[in-house]
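Following: one structure in structure tokens, then a few remarks.
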Amino acid sequence: MMQVSSRIGTSPAMELSKAFCGAPLAPCSKTGSPAQKRTSRARAQRQRAMVTKAAVAAPGALETPVVDSFSTLPRLMEEDLHMSRTVLGIILGGGAGSRLYPLTKTRAKPAVPLGANYRLIDIPVSNCINSGVNKIYCMTQFNSASLNRHLASAYNANVGSYSNEGFVEVLAATQSPKSTAWFQGTADAVRQYLWLFENTTRTGVEDFIILSGDHLYRMDYTPFVRKHRESGADITVAALPMDEKRAEAFGVMRIDDTGRIVEFAEKPKGDALKAMAVDTTVLGLDAERAKEMPYIASMGIYVLKASAIAELLTKHFPDGHDFGSEIIPGAKDMGFNIQAYLYDGYWEDIGTVEAFYNSNLALTDENPNFSFYDKDSPIYTMSRFLPPSKVLDAEVTNSILGDGCVVRAGCSITHSVIGVRSLIGENCTIRDSLLMGSDYFETLEECALLPGCLPVGLGAGCVVQKCIIDKNARIGANVKIVNKDGIQEANREDDGFVIKDGIVVVTKGAVLTAGTVI
């Protein structure tokens with residue numbers, strides 16, 4: 001995915017566009033899903049109003065050069081909330097990531113590659129930055145090395161300034177005088193580092209925003225925080241409108257006519273589900289869609305008043321492990337003000353191999369529900385300084401190629417995502433597959449120096465279908481990965497692959513010799 005530098009040949013108009021859109025100029029699709037169009041129209045209206053307001057207040061300000069740094073992006077709509085000063089972002093990286101195994105064998109779940117150029121962690125971090133939140137912790141307790149390396153390379157040099165502290169840091173589970181155990185759940189993770197989070201309140205932090213590291217969505221947290229503060233809430237829960245069929249698979253909530261949550265139910269069915277129906281127009285949904293979607297489900301995203309959460313975790317629920325099933329329902333029963341905030345956009349939990357596979361391939365659609373081509377709310381990632389990809393007399397259809405790839409002659413790639421530094425030999429056929437690429441370039445000459453070495457990448461004449469190939473895999477010539485026996489579940493890790501939900505996953509660094517058939 002090509003990247004264009006905003007430092008070369010930029011005019012004041014381009015800089016102004018960058019300042020208010022929040023990113024350097026980038027490719028942008030003029031079409032999109034209905035949810036994307038609604039969001040874009042509303043955002044455009046807000047931006048026009050902000051430009052007008054700024055021009056009237058300070059006519060010369062718009063001609064001032066803009067420093068290319070996350071920390072200096074003008075965000076007039078967040079000024080009254082002081083998001084960068086008063087909100088702390090806390091991203092929960094999850095546990096061992098067993099549902100995503102073997103992709104989480106050597107990396108934390110938020111560090112799993114996504115969409116050719118990115119990693120899962122880039123989604124919540126970018127949402128924070130685009131919302132003006134620049135103090136961000138990511139909590140994890142498994143395989144945090146690659147996550148730490150990615151965050152340090154991608155963000156820490158660009159977040160914050162001398163007068164406005166900012167950071168993106170990993171907090172790994174650790175022993176302390178108060179606890180010698182692993183994180184036991186979302187609430188327990190926050191409790192174990194509450195001493196650190198409370199330190200930020202001395203510099204002005206009022207609220208914590210709790211996010212998940214394995215969700216795919218684009219969200220401006222500013223209206224979320226605004227609703228939280230205007231309603232005087234102790235906790236505000238982000239909620240998705242749902243129809244009856246989808247609601248059965250989620251924890252749903254019932255609200256009163258002020259948006260206050262009065263009841264929770266975990267995956268209710270039948271009459272129990274019908275009893276949870278609410279008037280979603282209270283939260284801002286239009287009447288027509290409110291009829292279609294009379295239920296609201298928790299997204300697992302919360303804004304917490306710093307003082308309230310400290311009281312809940314240390315005084316009222318010192319042994320509570322989970323926000324969704326213990327702390328928040330318990331706080332509601334105690335009379336704390338728990339509000340719902342409606343998010344009417346695309347959101348997907350990609351915590352399983354099947355959901356991860358489907359969400360990646362959906363990015364190749366002409367008008368995907370989620371797109372990285374959004375100049376107003378870009379998704380940031382690490383700058384790799386790779387050359388553009390090269391395609392040599394090959395056919396590529398409805399696919400995404402990351403940076404630094406080489407696709408040789410005679411190849412056919414259809415409905416697939418090809419990750420960074422992927423090397424694909426002659427006459428390969430790739431369909432409905434996700435190749436994560438490689439962490440490094442390796443020339444044929446370098447490989448030839450090692451006895452029996454197979455080059456990194458895909459050898460000539462391979463056929464790959466409905467497959468995920470993790471990074472640094474070495475696949476010989478004429479290998480067929482097609483799940484020829486239609487197996488749904490199999491653990492062949494010693495042979496370099498696992499099958500989950502009928503999807504073949506070639507493990508990181510696996511070696512498949514020439515002629516192998518899976």
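Hydrogens, waters and symmetry mates play no part in the numbers below; they use all other heavy atoms, side chains included. Positions are given from 1 along the sequence.
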Contact summary for [X] and [Y], nearest pair of heavy atoms:
X: Tyr343; Y: Arg218; answer: OH-O, 2.8 Å
X: Asn337; Y: Gly232; answer: ND2-O, 3.3 Å
X: Leu147; Y: Ala108; answer: CD2-CB, 4.3 Å
X: Gly320; Y: Ala187; answer: O-CB, 4.0 Å
X: Asn130; Y: Ser377; answer: ND2-C, 3.5 Å
X: Ala116; Y: Val417; answer: N-CG1, 3.6 Å

Report yes if the side chains of [X] and [Y] come closer than 4.5 Å at any heavy-atom pair, otherwise no.
X: Ile121; Y: His150; answer: yes
X: Leu88; Y: Ile90; answer: yes
X: Val225; Y: Thr86; answer: no
X: Met139; Y: Ile210; answer: no
X: Ile123; Y: His215; answer: no
X: Leu196; Y: Tyr137; answer: yes
X: Val190; Y: Phe323; answer: yes
X: Tyr101; Y: Lys500; answer: yes

Rounded to the nearest 0.5 Å, what's the gap from [atom1] on [X] to [atom2] on [Y]? Could you check?
X: Leu92; Y: Thr186; atom1: CG; atom2: OG1; value: 6.0 Å
X: Ile328; Y: Phe317; atom1: CD1; atom2: CZ; value: 10.5 Å
X: Leu114; Y: Leu363; atom1: CG; atom2: CG; value: 6.5 Å
X: Leu283; Y: Asp344; atom1: CG; atom2: CG; value: 10.5 Å
X: Leu151; Y: Ser146; atom1: CG; atom2: OG; value: 9.5 Å
X: Met253; Y: Leu240; atom1: CE; atom2: CG; value: 8.5 Å

query = Which pairs with one or both residues in residues 319-335 pass salt bridge (Lys or Arg N to Asp or Glu O under 4.0 Å), sequence neighbours excluded?
reply = none
Under 3.5 Å: donor-acceptor pair, side chain of [X], backbone of [Y]:
X: Asp220; Y: Thr222; value: yes
X: Ser144; Y: Thr140; value: no
X: Ser126; Y: Tyr380; value: yes
X: Ser131; Y: Val133; value: no
X: Asp243; Y: Met293; value: no

Just jot down the side chain to side chain contact (heavy atoms under 4.5 Å, CB included) partners of [X], sequence neighbours excluded, or say none.
X: Ser359; answer: Leu216, Tyr346, Glu348, Ile350
X: His415; answer: Leu361, Thr364, Asp365, Asp432
X: Lys291; answer: none
X: Asn148; answer: Val170

message = Less than 4.0 angstrom from a charged side-chain N to a carboxylate O is my criterion; do Arg119 and Asp122 meet it?
response = no
request  = Answer yes if the ring centres of Phe167 and Tyr155 are under 6.0 angstrom apart, and no otherwise.
outcome  = no
I'd like to check the side-chain hydrogen bond (donor to acceptor under 3.5 Å, both in side chains) partners of [X]; sequence neighbours left out, ordered by chain and number.
X: Asp470; answer: Arg107
X: Thr352; answer: none
X: Tyr193; answer: none

Tabulate below the donor-acceptor pairs under 3.5 Å that side-chain atoms of residues 200-209 make, not counting sequence neighbours, or state none.
| unit_1 | atom_1 | unit_2 | atom_2 | d |
| --- | --- | --- | --- | --- |
| Thr200 | OG1 | Phe197 | O | 2.5 |
| Thr201 | OG1 | Glu198 | O | 2.5 |
| Arg202 | NH1 | Asn199 | OD1 | 3.2 |
| Thr203 | OG1 | Thr200 | O | 2.8 |
| Asp207 | OD1 | His228 | NE2 | 3.0 |
| Asp207 | OD2 | Arg229 | NE | 2.8 |
| Asp207 | OD2 | Arg229 | NH2 | 3.0 |

Residue pair Asn127, Tyr217: steps toward the side chain to side chain contact (heavy atoms under 4.5 Å, CB included) verdict = CA-CA 9 Å; Asn127 284 337; Tyr217 66 108; 3.5 Å; yes
ask   = Lys466: what forms a salt bridge (Lys or Arg N to Asp or Glu O under 4.0 Å) with it, not counting sequence neighbours?
value = none
request  = In sequence, state the C-alpha distance, the side-chain angles, and the governing distance for Phe356 and Val505, and then conclude on side chain to side chain contact (heavy atoms under 4.5 Å, CB included).
outcome  = CA-CA 12 Å; Phe356 175 78; Val505 183; over 6 Å; no
inquiry  = For Val125, run the side chain to side chain contact (heavy atoms under 4.5 Å, CB included) check against Ile379, Val168, Thr381 and tell me which one passes.
reply    = Val168
key: Residues, nucleotides or ligands: over 12 heavy atoms within 6.0 Å of Glu288 CD   = no
Pair Val353-Val498, side chain to side chain contact (heavy atoms under 4.5 Å, CB included): steps then yes or no = CA-CA 11 Å; Val353 167; Val498 170; over 6 Å; no
request  = Describe, in one word, how the ring planes of Phe224 and Tyr341 are oriented to each other, choosing from parallel (under 30°), tilted (30 to 60°) and perpendicular (over 60°).
outcome  = parallel
ask   = Can you list the steps and then say if Asp234 with Glu311 is a side chain to side chain contact (heavy atoms under 4.5 Å, CB included)?
value = CA-CA 11 Å; Asp234 297 300; Glu311 179 183 348; over 6 Å; no
Report all side-chain donor-acceptor pairs from residues 257-272 shorter than 3.5 Å, counting only partners two or more places apart or in another chain.
| unit_1 | atom_1 | unit_2 | atom_2 | d |
| --- | --- | --- | --- | --- |
| Thr258 | OG1 | Asp256 | OD1 | 2.7 |
| Thr258 | OG1 | Asp256 | OD2 | 3.4 |
| Arg260 | NH2 | Gly335 | O | 3.0 |
| Arg260 | NH2 | Phe336 | O | 3.2 |
| Glu263 | OE1 | Arg254 | NE | 2.9 |
| Glu263 | OE1 | Arg254 | NH2 | 2.7 |

Show me the donor-acceptor pairs, under 3.5 Å and distance only, between side chains in residues 294-307 and residues at least two apart or in other chains.
| unit_1 | atom_1 | unit_2 | atom_2 | d |
| --- | --- | --- | --- | --- |
| Ser298 | OG | Gly300 | N | 3.2 |

